[in-house]
Peer 1: 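Take this structure first; my questions come after.
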Protein chains: 2
Amino acid sequence: MQTLTIGQLAKQAHVNIETIRYYERRGLMTEPPRRDSGYREYPLEAVDRIRFIRRAQELGFSLKEIAELFSLRVNPETTSADIKRRAEAKVADINARISDLERMKAALMKLAAACRGRGPTSECPILESLASEGRST
Amino acid sequence: MQTLTIGQLAKQAHVNIETIRYYERRGLMTEPPRRDSGYREYPLEAVDRIRFIRRAQELGFSLKEIAELFSLRVNPETTSADIKRRAEAKVADINARISDLERMKAALMKLAAACRGRGPTSECPILESLASEGRST
DNA sequence: ATGCGCCCTGCACCTAGGTCCGGAGTCAAG
DNA sequence: CTTGACTCCGGACCTAGGTGCAGGGCGCAT
């Protein structure tokens, strides 16, 4: 089975080596097996894991939240009902994000459309697009 | 016309007073008029603006990107074509975010669904959901 | 068997985004 | 006209998420 050194992994996932070690400390990467020399030996899937982390961050999830997402799948012994509840909570959060993004998008499209007309470009609806009452993630 | 002091604004927008001053320094809040005493006097809409900033942050936009969003609406004198182009670029970015969120959501729902069965809860599809090739926001 | 590049650990340092503090001035209720 | 709450400003400090050394140990091509 093909494996990667930390340097190769870093290259393939487009992150700094130190970042990988940092994720390991934070519990986002499970500690990989080591060679006798102490070198870490990563399976190929580690690349996906890092890419997932990075994209989830860009989507506004903190490292702590991402760790929570992962924790949904380890522990095959956690009660199914519990996992289900947590997964559904995440889904609700994601739905809220999506709909806010949809509203921002609609506002931006309206703005872009207004640009091909003469109307004053001011008076834009961007602000109103997210003016919902405090809901905290 | 009704106005707010910085403290009232902070309370209504659920942020720290210092955060408001910080946003002003960063150019996210336009400098409000001052009383003779030097006190800032905010219009009610300032609340919406702050809420917009906060939610956009939760959605993964940096303060710099948020400032860019705002810059699309000031300057009624920027060429319409330019604004249009920039707005459309933002829309494309938002579309990418939405589709990634949709994929995460699908993965989570699949996971939740698997939980009402006996099958091993491990082997979940979360990782694969965002394992797309490097696209950087 | 040696040199060059990669890996190890621990710790110092960096940026973004805030948050707190102190000393001084302001406002309004009593 | 005083007192407690609020505001001003400048600057120090804090957390999250990394990033960069230094000093030492591998690994392999020559």
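Per chain, numbering begins at 1; letters A, B, ... match sequence-line order.
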Peer 1: Among dT19(C), dC8(C), dG18(D), which is the nearest nucleotide to the side chain of Leu63(A)?
Peer 2: dG18(D)

Peer 1: Looking at Arg97(B) and Asp100(B), is any side-chain nitrogen of the basic one under 4.0 Å from a carboxylate oxygen of the acidic one?
Peer 2: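 Looking at Arg97(B) together with Asp100(B), the answer is no, because their closest N to O distance does not fall below 4.0 Å.
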
Peer 1: Give the nucleotide from the list dT7(D), dT19(C), dG17(D) with an atom nearest to the side chain of Tyr22(B).
Peer 2: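 Among the listed nucleotides, the one closest to the side chain of Tyr22(B) is dT19(C).
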
Peer 1: Given dC26(D), is OP1 or OP2 found less than 4.0 Å from the side-chain N or O atoms of Arg35(A)?
Peer 2: no

Peer 1: Should Arg85(A) and Glu88(A) count as an ion pair when the cut-off is N to O under 4.0 Å?
Peer 2: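 A salt bridge is absent here (no side-chain N lies under 4.0 Å from a carboxylate O).
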
Peer 1: Choose from dG17(D), dG20(D), dG17(C) the nucleotide whose nearest atom is closest to any side-chain atom of Glu18(A).
Peer 2: dG20(D)

Peer 1: May I ask you to decide whether Arg21(B) forms a salt bridge with Glu18(B), counting only side-chain N to carboxylate O separations under 4.0 Å?
Peer 2: yes

Peer 1: Quick one: Leu4(B) CG to dC27(C) P, roughly how many Å, whole number?
Peer 2: 17 Å

Peer 1: Which atom names give the shortest non-hydrogen contact between Ile66(A) and Ala56(A), and what distance separates them?
Peer 2: CD1-CB, 3.7 Å

Peer 1: According to a strict under-4.0 Å criterion, is Arg54(A) in side-chain N/O contact with OP1 or OP2 of dG18(D)?
Peer 2: yes

Peer 1: So, does Gln57(A) get its side chain near the phosphate of dG18(D), meaning an N or O under 4.0 Å from OP1 or OP2?
Peer 2: yes

Peer 1: Is the phosphate of dG18(D) approached by Tyr23(A) (side-chain N or O, under 4.0 Å from OP1 or OP2)?
Peer 2: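 Looking at the OP1 and OP2 atoms of dG18(D), one of them is under 4.0 Å from a side-chain N or O of Tyr23(A).
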
Peer 1: Between Lys90(A) and Glu68(A), does any NZ, NE, NH1 or NH2 come within less than 4.0 Å of an OD or OE carboxylate oxygen?
Peer 2: yes

Peer 1: What integer distance in Å separates Arg26(B):CZ from dT19(C):P?
Peer 2: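 About 14 Å, once rounded to whole Å.
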
Peer 1: Rounded to whole Å, how long is the line connecting atom CZ of Arg25(A) with atom C1' of dG18(D)?
Peer 2: 9 Å

Peer 1: Rounding to an integer number of Å, can you tell me how far Gln8(A) CD sits from dC7(C) P?
Peer 2: 7 Å

Peer 1: To the nearest Å, how far apart are Arg21(B) CZ and dG22(C) C1'?
Peer 2: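 So the CZ-C1' distance, Arg21(B) to dG22(C), works out to 13 Å.
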
Peer 1: Would you say Arg34(A) places a side-chain N or O within less than 4.0 Å of OP1 or OP2 belonging to dT9(C)?
Peer 2: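 So the side-chain polar atoms of Arg34(A) do come within 4.0 Å of the phosphate oxygens OP1 or OP2 of dT9(C), strictly under.
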
Peer 1: Is there a side-chain polar atom (N or O) of Thr19(B) under 4.0 Å from OP1 or OP2 of dT19(C)?
Peer 2: yes

Peer 1: Nearest to the Tyr39(B) side chain among dC26(D), dC6(D), dG17(D), which nucleotide is it?
Peer 2: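 So the side chain of Tyr39(B) is nearest to dC6(D).
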
Peer 1: Looking at dT7(D), I'd like to know if its phosphate oxygens (OP1 or OP2) sit under 4.0 Å from a side-chain N or O belonging to Ser37(B).
Peer 2: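 Indeed not, no polar side-chain atom of Ser37(B) lies that close.
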
Peer 1: Return the value, rounded to whole Å, for the distance between atom CD1 of Ile17(B) and atom C1' of dC8(D).
Peer 2: 11 Å

Peer 1: dT9(C), OP1 or OP2 - any side-chain N/O from Arg40(A) closer than 4.0 Å?
Peer 2: yes

Peer 1: Measure from CG on Leu9(A) to C1' on dC6(C) and round the result to the nearest Å.
Peer 2: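 For the pair Leu9(A) CG and dC6(C) C1', the rounded distance is 14 Å.
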
Peer 1: Using whole Å, what does the distance between atom P of nucleotide dC14(D) and atom CG of Asn16(B) come to?
Peer 2: 16 Å

